[in-house]
Amino acid sequence: MKKQGSDSNPAPVNPALPEPLKDLKIKYTKIFINNEWHNSISGKKFAVLNPATEEKICEIEEGDKADVDKAVKAARKAFELGSPWRTMDASERGRLLYKLADLVERDRVLLATMETIDGGKLFSNAYLMDLGACVKTLRYCAGWADKNHGRTIPMDGNFFTFTRHEPIGVCGQIIPWNFPLIMFVWKIAPALCCGNTVVVKPAEQTPLSALYMGSLIKEAGFPPGVVNIVPGFGHTAGAAISHHMDVDKVAFTGSTEVGKLIKEAAGKSNLKRVTLELGGKSPIVVFADADLDTAVEFAHTALFYHQGQCCIAASRIFVEEPIYDEFVRRSIERAKKYTLGNPLLPGVQQGPQIDKEQYQKILELIESGKKEGAKLECGGGPWGDKGYFIQPTVFSNVTDDMRIAKEEIFGPVQQILKFKTVDEVIRRANNTTYGLAAGVFTKDVDKALTFTAALQAGTVWVNCYSALSSQCPFGGFKMSGNGREMGEYGLHEYTEVKTVTIKIPQKNS
Amino acid sequence: MVSHRLQGEIQPPPRHLALLWKGGGSLWACTLPTQLVRKIFINNEWHDAVSKKTFPSVNPATGEVICQVAEGDKADVDKAVKAAKAAFQLGSPWRRMDASHRGKLLNRLADLIERDRAYLAALETLDNGKPYSVAYLVDLDMVVKCLRYFAGWSDKFHGKTIPLDGDFFCYTRHEPVGVCGQIIPWNFPLLMQAWKLGPALATGNVVVMKVAEQTPLSALYVASLVKEAGFPPGVVNIIPGYGPTAGAAISSHMEVDKVAFTGSTEVGHLIQKAAAESNLKRVTLELGGKSPNIIMSDADMDWAVEQAHFALFFNQGQCCCAGSRTYVQEDIYHEFVERSVERAKSRVVGNPFDFKTEQGPQVDEEQFKKILGYISTGKREGAKLLCGGNPAADKGYFIQPTVFGDVQDNMTIAREEIFGPVMQILKFRTIEEVVERANDSKYGLAAAVFTKDLDKANYVSQALRAGTVWVNCYDVFGAQAPFGGYKASGNGRELGEYGLDAYLEVKNVSIHVSEYFPTFSCTTKLRTSLLV
């Protein structure tokens with residue numbers, strides 16, 4: 001999510017970093033349906049933990065099937081023909097989204113603090129990157145609201161034919177814990193600009209900022225039932241959404257394993273439309289002619305950003321033989337510079353992993369790396385005596401068959417591999433079930449363009465990495481997902497095309 | 001739709017302006033609003049004219065001078081073009097700005113206009129004469145929406161990547177054209193400014209705008225908002241002045257890359273000629289019209305009468321798309337005429353600051369006299385004057401709502417643009433006949449048909465040679481829908497996605513790719529298949 005390469009931009013890109021909020025109060029802990037706050041029908045609640053301290057922040061109403069039913073009913077009602085939402089001017093939908101962006105900007109410090117406490121994310125990243133991206137995404141999609149053009153079509157015969165781009169209807173949206181707010185916005189903004197209604201399930205680890213957004217959505221003036229937010233667990237609330245007979249579409253961001261379940265549920269129930277943004281094992285290819293400093297820095301950030309918890313994390317760095325040793329040496333040096341600690345504090349560069357489960361999984365994969373013969377260059381164990389911290393870890397001499405070169409680790413563990421020839425590295429980079437992102441570092445225009453064509457990935461970065469923005473489509477080849485989010489392409493996922501053909505007395509060009 | 005905008009809460013004019021109209025016992029008393037800006041706007045600064053000349057801006061409701069305004073001419077245009085060019089240089093803040101940030105600035109400008117909505121509406125009424133309620137509800141609403149619409153486009157006018165034959169990577173960049181001269185009219189001063197600025201700025205151009213000499217005040221106030229919004233100096237430059245001097249300087253300027261003009265067809269010819277004789281600058285024109293409005297006998301009569309009335313009389317008849325040839329099918333002709341006259345007679349003409357007023361004065365004496373001239377020509381050529389036909393007050397440029405019946409196609413009032421509150425009603429028998437007559441005009445800006453019959457609606461909307469066709473409605477404008485003319489009504493389109501084209505140069509970039517490994521290259525499909 002890191003914005004790179006535009007520090008010379010004259011536009012005020014980033015505001016100065018303020019202090020995090022000192023006494024954050026959690027006001028919204030309930031289920032958001034019809035612009036109102038509800039207790040769970042079952043009466044159940046679940047605890048939300050601060051991953052830096054393992055302490056409980058608060059308890060949240062736990063939504064499951066019954067609450068999803070309630071939310072879907074509200075969303076369906078808001079989507080009825082003739083409803084305020086359906087009869088609203090498209091430009092007015094855009095205006096509401098723009099207003100929501102203004103409100104998020106107003107409460108930026110609060111939301112960034114919440115992201116930090118709930119998700120273990122560095123406050124500086126949360127404030128500058130996550131919140132910045134949220135505001136921009138809302139504004140970007142606001143602009144599309146009245147620009148999702150249908151077409152008139154020169155059909156054969158005496159007919160007048162046109163297409164209407166209509167909203168799909170009730171969209172279920174299941175979002176992950178690594179970028180709770182950005183993923184929330186990536187889901188609701190395109191859905192709402194196209195006129196859909198949504199039922200969102202935030203991750204059980206990080207429901208706080210999404211629920212706060214519920215209050216802003218109400219304040220912005222979205223009609224009741226347009227956005228509904230049900231915090232809960234995947235196997236209950238998530239499954240209820242993906243199996244629901246009255247949900248027209250489901251969008252999911254998370255693991256490939258769960259992505260399969262979602263698609264299966266859609267197939268078994270009502271053939272709802274499915275978009276998936278799943279895991280990755282993204283390669284970066286560094287050629288000997290690349291600017292080494294740039295390549296080391298980008299490759300480092302590409303993996304270690306947000307504790308390695310990015311679906312696009314570049315977890316396989318292929319380095320050309322002549323520069324391999326130097327690249328490894330500099331990468332270790334870079335990884336060792338880290339200050340770990342409380343993500344609210346200034347100067348801290350790495351926070352905790354999200355929860356115990358992830359923490360243990362990462363440590364287990366580190367062990368497998370050692371066992372399978374990769375060379376542990378630095379890190380390799382937990383850090384501190386509380387919280388889910390893991391030392392920045394670098395493995396060299398990694399080979400393609402090792403688990404750490406095949407499985408998504410989702411932690412601060414960098415794998416550096418060696419290659420000799422172009423065709424070899426293309427084959428190896430593509431030899432994965434994933435295809436989310438890829439990077440290539442070279443000064444040679446021919447190599448750069450050859451790789452942009454050859455790599456099987458939804459996003460290819462040349463001499464940069466993690467350069468995401470709301471204007472650019474994002475999504476996966478192969479088992480990294482179905483469909484694209486953001487950009488104009490992102491609208492297709494929230495649009496049904498209706499072809500209307502009218503018989504006319506006589507056609508003229 | 002303009003007519004549906006005529007409902008809503010109206011915020012009264014700011015007190016210092018309202019007092020102008022109520023104070024002193026005289027309805028027409030006029031003093032100056034305090035914040036009035038009257039200079040030339042270049043590089044985000046206010047300048048006197050190089051010549052030091054000024055010209056008067058007149059309140060058309062009284063014929064009195066509101067204030068003197070700096071009169072820009074060639075020397076000032078040169079200065080503005082220089083500023084615009086500097087702002088457009090490679091590496092300038094404007095050129096390096098994120099596209100989304102251009103959108104943010106446009107949105108901010110919309111916010112500021114919304115903040116000052118009542119003041120701007122009052123200024124528009126003072127300078128142009130249009131009813132305050134219309135200025136507030138229609139003009140200002142459409143201005144804000146237009147700017148917000150184009151703000152959204154700023155990071156969405158996509159180039160393409162293109163599967164060029166051979167070993168090439170080929171793509172297009174959509175680049176701004178450069179320095180755009182924009183010459184805007186007096187009938188919708190603020191709205192025409194927004195129509196011009198919105199697409200030009202969203203796509204990254206820089207602008208030298210000449211505002212009409214009749215109505216410079218509101219556009220100059222917006223200039224101060226452009227600065228407040230944070231546009232870099234030189235991006236927007238605004239010059240009040242006259243067509244033959246400042247306007248001509250823009251259209252024949254060797255360093256202006258594009259000129260956009262809204263106004264009369266006569267001047268449109270001059271602009272296109274000047275572009276041809278100077279540097280072949282790109283030209284878009286939005287010119288006059290004599291738009292037909294066809295009422296079939298199966299139409300909803302009440303609705304058709306009201307819409308046809310509105311189509312012509314809106315904005316004192318000063319609309320380029322005014323429905324100035326109302327063709328009514330024979331069997332309903334008499335009833336339609338009767339009701340139209342009745343409606344015209346009930347039209348409230350008077351003080352434009354009065355919320356009940358539907359019609360204010362014409363914009364100036366020249367227009368006023370020209371319209372009265374057309375009315376007497378109509379009478380002389382044998383059209384039947386059914387109501388109106390005279391000035392409506394003893395001061396100011398007010399004209400009575402006027403309706404002519406029994407108008408024939410060859411009469412002057414059926415062929416020429418009157419641009420005043422004068423309605424022509426013509427009779428027709430068959431749909432084929434009316435289509436032919438409707439199209440028999442050098443103009444082709446807009447047209448409408450009123451019918452309940454789907455086949456007729458579709459047939460007529462295909463057959464009419466006009467840039468906009470309305471079915472069972474009139475003057476439906478939205479920033480989303482393109483607008484412009486066939487034939488001598490203009491070149492190019494404004495608004496909608498189409499409106500961006502006029503402000504974009506397409507650059508094609510092709511890069512040769514030496515293939516490292518043909519089996520993986522994007523362009524080797526052809527080669528592989530040849531080998532097979």
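To find a chain, count down the sequence lines: A is the first, B the second, and so on, and within it residues start at 1.
Most heavy-atom pairs under 4.5 Å with chain A: of the set B:Asp455, B:Ile511, B:Leu105, this distinction falls to B:Asp455. Contact count versus chain B (heavy atoms, under 4.5 Å) is highest, among A:Ser470, A:Ala90, A:Gly143, for A:Gly143.
Between B:Trp153 and A:His149, the ring planes lie tilted relative to each other; the angle falls in the 30° to 60° range.
For chain A, the nearby part of B:Leu454 is the side chain; its heavy atoms alone come within less than 4.5 Å. With a 4.5 angstrom heavy-atom cutoff, A:Ile502 touches chain B only via side-chain atoms.
Within 6.0 Å of NZ in B:Lys160 there are 12 or fewer heavy atoms belonging to other residues, nucleotides or ligands. At most 12 non-hydrogen atoms from other residues, nucleotides or ligands lie less than 6.0 angstrom from OH of B:Tyr498. Atom CZ of B:Arg173 is surrounded by 12 or fewer heavy atoms from other residues, nucleotides or ligands within 6.0 Å. The number of heavy atoms from other shown groups lying within 6.0 Å of CZ (A:Arg164) does not exceed 12. Within a 6.0 Å radius of CZ in A:Phe159, other residues, nucleotides and ligands contribute more than 12 heavy atoms. For A:Glu424, the CD atom sits in a packed shell: over 12 heavy atoms of surrounding residues, nucleotides or ligands are nearer than 6.0 Å.
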**Request:** Dump the intermediate steps for side chain to side chain contact (heavy atoms under 4.5 Å, CB included) on A:Asp89 and B:Lys145, then the final yes or no.
**Result:** CA-CA 12 Å; A:Asp89 278 342; B:Lys145 285 193 168 177; 4.1 Å; yes
**Verdict with reasoning, A:Arg95 to B:Glu114, per salt bridge (charged side-chain N to carboxylate O under 4.0 Å, His left out)** = CA-CA 13 Å; A:Arg95 187 123 161 75; B:Glu114 213 162 37; 3.2 Å; yes
**Request:** Output, in order, the C-alpha distance, side-chain angles, deciding distance and verdict of side chain to side chain contact (heavy atoms under 4.5 Å, CB included) for B:Gln480 and A:Ser91.
**Result:** CA-CA 9 Å; B:Gln480 302 95 354; A:Ser91 68; 3.7 Å; yes
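Here the CD1 atom belonging to A:Ile504 is positioned 16.0 Å from the NZ atom belonging to B:Lys456, to the nearest 0.5 angstrom. The CG atom of A:Asn158 lies 11.5 Å from the CG atom of B:Asn458; values are rounded to the nearest 0.5 Å. For the atom pair CZ of A:Arg139 and NE2 of B:His101, the computed distance is 10.0 Å after rounding to the nearest 0.5 Å. A:Leu449 contributes atom CG, which lies 11.5 Å from atom CG of B:Asp167 (distance to the nearest 0.5 angstrom).
Counting only distance, with no hydrogens or angles, the side chain of B:Gln462 and the backbone of A:Asn508 share a donor-acceptor pair below 3.5 Å. Looking only at distances, a side-chain donor or acceptor of A:Lys147 sits under 3.5 Å from a matching main-chain atom of B:Tyr149.
Considering every non-hydrogen atom in both A:Gln471 and B:Asp155, the closest pair reads NE2-OD2, 2.9 Å.
Looking at A:Asp146 and B:Arg148, their side chains never come closer than 4.5 Å, going by heavy atoms from C-beta outward.
Remark: the B:Asn107 side chain and the A:Tyr98 side chain contain an N/O donor-acceptor pair separated by less than 3.5 Å.
Note that B:Lys156 lies in the cation-pi zone of A:Tyr140, set by a 6.0 Å cut-off to the ring centre and a 45° limit from the axis.
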